[in-house]
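Hydrogens, waters and symmetry mates play no part in the numbers below; they use all other heavy atoms, side chains included. As the structure is a computational prediction, the values presented were derived from the model and not from experiment.
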Amino acid sequence: MSDAAEIQDAGFDDWIDAATAGEAYALECPNGHGSLPPRRVCPDCGSTELEEVPLPDTGEIETFTVTHVPTPAFADDAPYATAIADFGPVRITGQVVGIDLERVETGLEVELEITVSETTGDRVIGFSPV
Amino acid sequence: MSDVRVAGVGLTPFGNTPERTSRDLFAEASITAFEDSGVSRTDVDALLYGNFMGELAEHQGHQGPLMAEAAGVQAPATRYESACASSGAAVRDAVMRIRNGEDDVILVGGAERMTNLGTAGATEALAIAADDLWEVRAGMTFPGAYALMAQAYFAEYGGEHEDLAHIAVKNHENAMTNDKAQYQSAIEVSDVLEAPQVSTPLGLYDSCPISDGAAAIVLTSEAYADEHDLEAPVAITGTGQGGDRMALHDREYLARSPAAREAGAEAYADAGIDAADVDLAEVHDCFTIAEVLAIESLDLFPVGEGISAARDGRTTADGETPINLSGGLKAKGHPVGATGASQIAEVATLLAGDHPNSSFVEDATAGLAHNAGGTVASATVHVLEVVDR
Ligand SMILES: [Zn+2]
C-alpha cells in the first residue's frame, strides 16, 4: 500500500507529470464545474464533455493541519503541514513546503510544487508560499 | 408502515484484544443478542454484517458467510463496507427488508479487529477510507482530515481547542458506568489540552482509540414480535442515508457535514418526528470536532452552536439533549465495522431503561443514532422510539 510508486495510475500520474512541468490543469465541463482527474464524467452534472483547463498560478490556503502521527509512508516526514488550497476551479490537498510549520496560516498564497516523501521517495503534491 | 422491532442486542467489550479474531468477537456478540431476544437462530432470514478493514487486518475478505457460521445462523449473509458507517448501512438495509415484508428476522451487526495492526498500521488502514490518489498520497491521515475540518470550523464559526476538550471530558464521564467501554476513566480538560498532538489542533485525547470489538442486533417484524410474544419495546421507526463527495477538498463546505444533514432529514421524515422530539443521541464522535459537526447536521443545535454545547452543559448526561451517553466512540471505543450497530444497540438499551445511564433519560421516548463513514462521505441516521412499554 505504501508502494504507491509501484502502481501506475493513469490520469493521476499524468497530472503529477504536468504539475511538475508547471502545467497543472483541472477538468471543466460545459457548465463550468471544475474537477480533478482521472475522470470521465463531471461529478456535479454528469456531463461527459470534460476539457483540460490550466490552473491559475497561485492558490490560497483555506485550512491546514500539522500532522505528528503519520501513516508509515510518511514516517520520516512528520511533523509536516497538510493543507487544502483553493485554486479556482478546484481545491487541492497537499503538503506545505518551504516554510516554518508555525508560519502556515489560512489565507496564505501558495503555488504548486511537486515534492517527494522523505520516507518513500514517492512524489507528493506540495504547496510553497509565493 | 409496520415497525421494525429491536428484539435483542449484544456487544463485546470494546478494547485492546489483539489476539481475538473478528469471528470470535462476532460470535460472542451474537450469542448475547440471541439470548437477549429470545429468538431462535433457525428463524433468521439473513445476516447483514459490517466490516471495513478485514483484508488488511486479518487477510480475510468474504466475511458474510464466515460470520453466519460463527453466529450459528443458516442464512444468506452479506458484508457491508462503507468505511466507519459499515454497520449503519447494514442496519438500514435490514430495516428496509423487514418493512418490505421480505424478511421477518434479521441478524445485523459488525465487527472489527484493529489493534493487532499497531498504531501505524491502523492509521494506514483507516486512511484508505479517504481518496488514495488525492488525499492519502498527500500525507493526509484520518485525524488529519478531521483536523482540517476543525481548523475550518474555528475560522468560520469560532471556538477553540478548549471547547473540544469539554466534549472528550463529557464522553469519558458517560463511559464510567459502561462496562463495555474501552476507557472507564474520567479525564479533565487540562488532560486533553496537554496531551500529545496528533494533527493540530487535535491531540491524543481528541481522538477515539483503536479498538477491537463486535456488535450484533436481532431485528424482527412487528408481526413476528407479537406472534412470539417478544419483549421488544423499542422500534427503529426512521432510517436515512446521505452521501457526499469522497475527498474533503471537493465538498462545498469544509466545516459542515451535508451527508449527515441529508441522512437526518430523511430519518426524521421517515419516523414522522423532528429534531425537537429527540431525547438523546449517539453520534459519530471519532474525533471531538466530529461530534460538533454531527449535532449541528442533525439540527439538534444550530450551526455554530455545537462547539459550545458540551462546555455549556447542554449535551452532558443531565443536559437538555444528552449526547453519547454510552461514552461515544471517544471513550467506548471505535471498532470501525461494529460502531454503527453498537450505537443503535446503545440507544435501544437506553430507551428500554436497561442501560446504566437510563436514569438520566427516564422519560425518553425517542433517540437518534448517527454513523459516519470517511470524512462523512457516507452517513446513516436511525430514529428509535419506544412503541410498547
Ligand atoms: Zn458539470
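- Per-residue counts of heavy-atom pairs under 4.5 Å with chain B were compared for A:D86, A:T115, A:T67, A:T106; the largest is that of A:T67.
- Atom CD of B:E160 has more than 12 neighbouring heavy atoms from other residues, nucleotides or ligands inside a 6.0 Å radius.
- More than 12 heavy atoms of other residues, nucleotides or ligands shown are found within 6.0 angstrom of CG on A:N31.
- B:L133 contributes atom CG, which lies 12.0 Å from atom OG1 of A:T93 (distance to the nearest 0.5 angstrom).
- Summarising the local packing, OH of B:Y205 is surrounded by 12 or fewer heavy atoms from other residues, nucleotides or ligands at distances under 6.0 Å.
- Scanning all heavy atoms of the two residues, the minimum distance from A:R91 to B:H249 falls at NH1-O, 3.0 Å.
- For A:A78, no part lies near chain B; criterion is any non-hydrogen pair under 4.5 Å.
- Screening A:D9, A:D122, A:V124, A:I16 against B:R137 for a side-chain contact (heavy atoms from CB on, under 4.5 Å) leaves a single residue, A:D9.
- Inter-residue side-chain proximity for B:S199 and A:T82 is flagged as unmet; no heavy-atom pair is nearer than 4.5 Å.
- Of all the listed residues (A:D77, A:D13, A:I92, A:V90), the one sharing the greatest number of non-hydrogen pairs under 4.5 Å with chain B is A:I92.
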Yes or no on side-chain contact (heavy atoms from CB on, under 4.5 Å) for B:M149 and A:I84, after CA distance, side-chain angles and deciding distance?
CA-CA 10 Å; B:M149 290 193 266; A:I84 291 178; over 6 Å; no
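- Heavy-atom pairs under 4.5 Å with chain B peak, among A:G34, A:G11, A:G94, A:P43, at A:P43.
- Counting heavy-atom neighbours within 6.0 Å of A:E51 CD, excluding the residue itself, gives a total of 12 or less.
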Could you walk me through whether A:T65 and B:Y146 pass side-chain contact (heavy atoms from CB on, under 4.5 Å), step by step?
CA-CA 9 Å; A:T65 179; B:Y146 275 91; over 6 Å; no
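- Separation of atoms CE (B:M140) and CD1 (A:I125) is listed at 12.0 Å; rounding is to 0.5 Å.
- Both the backbone and the side chain of B:A120 come within contact range of chain A, with heavy atoms under 4.5 Å apart.
- Of all the listed residues (B:T123, B:V198, B:T141), the one sharing the greatest number of non-hydrogen pairs under 4.5 Å with chain A is B:V198.
- You'll find the side chain of B:L254 reaches within 4.5 Å of the side chain of A:E62, heavy atoms only.
- Between chain A and the residues B:R251, B:Q151, B:E135, the most heavy-atom pairs under 4.5 angstrom are made by B:Q151.
- The two residues A:Q95 and B:G139 come nearest to each other via the heavy atoms NE2-CA, 3.8 Å.
- Residues A:P72 and B:E124 come closest through the heavy atom pair CD-CB, 3.6 Å.
- You'll find the side chain of B:P196 stays beyond 4.5 Å of the side chain of A:H68, heavy atoms only.
- To the nearest 0.5 angstrom, A:T63 atom OG1 is 10.0 Å from B:F154 atom CZ.
- Within the 4.5 angstrom heavy-atom criterion, atoms from both the backbone and the side chain of B:L248 approach chain A.
- Only the side chain of A:F74 comes within less than 4.5 Å of a heavy atom of chain B; its backbone N, CA, C and O stay farther away.
- Residue B:E156: no heavy atom, backbone or side chain, is found under 4.5 Å from chain A.
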